[in-house]
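Numbers restart at 1 for each chain; the letters A, B, ... are given by sequence-line order, proteins then strands.
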Amino acid sequence: MTRAFALHLGVLRAVLRRMFASRLAGFLNILAIGIALSLPAGMYLLLQNAQGLVAQFSGTPQISLFLEMNAKAEDVDRLHKQLAQHPAVAGVEFVTRAQALEQLKQSTGLSDLIGGLQQNPLPDAFVVHPKPGDAQALDMLRGELAKLPRISEAQLDSAWAYKLEALLRFGRMGVLILASLLSLALIAVTFNTIRLQILTQRDEIEVAKLIGATDGFIRRPFLYFGAAQGLLGGIMAWLIVTASLLLLNGQLGALAQLYASRFVLHPLSLGDSLSLLLFSVYLGWLGAWLSVARHLSQIEPR
Amino acid sequence: MISFKQVHKRYPGGYEALKGVSFDVAEGEMLFLTGHSGAGKSTLLKLIAAIERPNSGSVLVNNQNVGVLKGGALPYLRRNIGIIFQDHKLLFDRSVFDNVLLPLQICGFDHRESGKRVRAALDKVGLLKREKSNPIALSGGEQQRLCIARAIVNRPAILLADEPTGNLDTDYAREIMAIFNSFHQVGATLLISTHDESVLQDGGVRRLTLKEGVLQ
């Protein structure tokens, strides 16, 4: 066990030495990988923040319940209690028809027209603030409340939430496509790097085969190299994203102040950062594996 | 130890290197393989290490038909055979020491144990003082001896040498033959291809002579 570990450690040391020997070319590779990965990672981060922002500002969608015109005061009281005790309801406000008319006058500027009406056409209403839930749960709640006695209509004011969710889904799909394409680019970069390495180490591979090296032995340093390059590329991507975030937050602070609000972009979470690194390690390893599988068999000693 | 039965080898392009070669080498035997260049000496050695495969006939090494050996089994055959190449096949990107270390790394030897073995092998060929040099700084004879050190460090049962004294003057050639003799004495099986008359003077050694792919 310790011997096997020491062998792998030895391979890793040799790989790092080789990386250090061609550090400029290696750095450029790592930079290319880092930039390629930072684009989808950065977009993902912006989406995450947008989602947080939406949750913060929308609070919860509202359900408006319009009562029948002939509802009496005791009906209103009973409904009010019933709604307040409902497990999916966070809060309830009662809006009388007189208040509603007053609001309409003020907000639409149609006071002359409304003043000309013989009677108030608006019903009494409850504004229900549901507890947080997904769109489907809200719709079910709306249906349930609509069936209460003396309620003529229930409206869910969540059309904009649907739109936003659709927009975020669109954004996420965009990130997914971009990430897939740039992952291919990362694999291609590693594939080519390893191909060049195999070509320059042709003699060594040939001699190693002649004196009894297994394919695994020959393959191992290249796979380690691919994985290590992927890891460094991932770290580079993380640094690019985090540095960009800090720069943006500086500007955002000034902007938020103008709107008298406090808003900052949150950095990648620990879990997301680890995922990024693991993913880039895996892609580097995969690119190296493909390259080795393709090129190693072409070198046969003569 | 090594047994050829009616071995034919034809290269792509139609050139026939070996035509129905049969012979046996006993365990611990030392054997010279002679003949003009192009007679098929190198091909014969390559068949033993399965670097080339016969078109017909069988090549047995340790009762194993190496002509039909699968790719995955090749490394383990070759670990048992030390090969001294005509063109040395040394690696110039590393020191003398690391060149000799390579076979031990391949077999997964422990670090300290392999250091001892490398020095013992270098000592045997008289290159211990040059262990840190790059092989490019060595003379032709020294490079040849380095190649020998690499072939023996793993203590293989069989040693194959392809023209080990080619291009060397008589003194160097005699040194190298002395090294081979010492291996013979500790029980290794040796097959040495050469057309060097001064080497062939060595008495009591069986000789196989190839002429245009046929054993004489």
Side-chain angles (χ1 to χ4, degrees), chain A residues 1-23 25-26 193-225 289 292-302, chain B residues 11-12 42-43 45-46 48-53 69-94 98-115 135 146-147 149-154 156 158-160 162:
Chain A
M1 178 61 212
T2 50
R3 204 180 80 160
F5 182 70
L7 282 178
H8 284 272
L9 209 65
V11 173
L12 197 60
R13 243 199 319 265
V15 165
L16 291 179
R17 212 175 304 130
R18 187 178 298 160
M19 271 188 152
F20 190 72
S22 58
R23 49 192 173 278
T193 313
I194 299 295
R195 187 182 71 90
L196 286 175
Q197 274 194 15
I198 289 174
L199 288 181
T200 54
Q201 289 175 44
R202 209 193 164 88
D203 289 345
E204 180 179 350
I205 293 168
E206 202 182 309
V207 170
K209 280 193 172 183
L210 280 173
I211 57 186
T214 57
D215 283 349
F217 177 89
I218 295 172
R219 210 180 283 139
R220 205 171 296 139
F222 296 111
L223 295 183
Y224 278 28
F225 189 98
W289 189 86
V292 167
R294 174 85 178 74
H295 299 113
L296 221 49
S297 59
Q298 293 171 352
I299 301 179
E300 270 305 319
R302 281 282 159 261
Chain B
Y11 282 105
S42 296
T43 300
L45 294 181
K46 282 177 180 170
I48 296 173
I51 299 168
E52 293 289 352
R53 310 255 181 172
L69 217 52
K70 289 226 167 62
L74 280 183
Y76 304 98
L77 167 75
R78 289 180 186 161
R79 286 178 194 187
N80 213 13
I81 301 175
I83 311 173
I84 293 134
F85 303 99
Q86 198 168 3
D87 55 354
H88 307 160
K89 294 199 190 296
L90 298 172
L91 297 174
F92 296 113
D93 63 345
R94 60 195 72 194
D98 286 343
N99 265 279
V100 183
L101 185 63
L102 189 61
L104 299 180
Q105 283 178 324
I106 283 169
C107 297
F109 266 86
D110 169 77
H111 191 66
R112 199 180 305 161
E113 168 74 9
S114 44
L146 176 54
C147 189
R150 187 181 62 190
I152 62 166
V153 70
N154 204 17
I158 299 171
L159 264 183
L160 306 177
D162 196 1

Item to check | Top contributor to chain B contacts, counting heavy-atom pairs under 4.5 Å, from Ile211(A), Asp203(A), Asp215(A) | outcome: Ile211(A)

Checklist entry - Do you know the tightest heavy-atom contact between Ala213(A) and Pro75(B)? => result O-CG, 3.6 Å

Checklist entry - Where does Asp93(B) contact chain A at under 4.5 Å (heavy atoms): side chain, backbone, both or neither? => result side chain

Checklist entry - Between Leu74(B) and chain A, which part of the residue has a heavy atom less than 4.5 Å away: side chain, backbone, both or neither? => result neither

Item to check | Phe85(B) portion near chain A, given a 4.5 angstrom heavy-atom threshold | outcome: side chain

Checklist entry - Is it the case that more than 12 heavy atoms not belonging to Phe92(B) sit under 6.0 Å from its CZ atom? => result yes

Checklist entry - CG/Leu102(B) to CD/Glu204(A) distance, rounded to the nearest 0.5 angstrom? => result 6.5 Å

Checklist entry - When rounded to the nearest 0.5 angstrom, what is the spacing between CD1 in Ile51(B) and NZ in Lys209(A)? => result 12.0 Å

Item to check | Rounded distance (nearest 0.5 Å) linking atom CD1 of Ile81(B) with atom CG of Leu210(A) | outcome: 11.0 Å

Checklist entry - Can you tell me if CZ on Arg53(B) sees more than 12 non-hydrogen neighbours from other groups inside 6.0 Å? => result yes

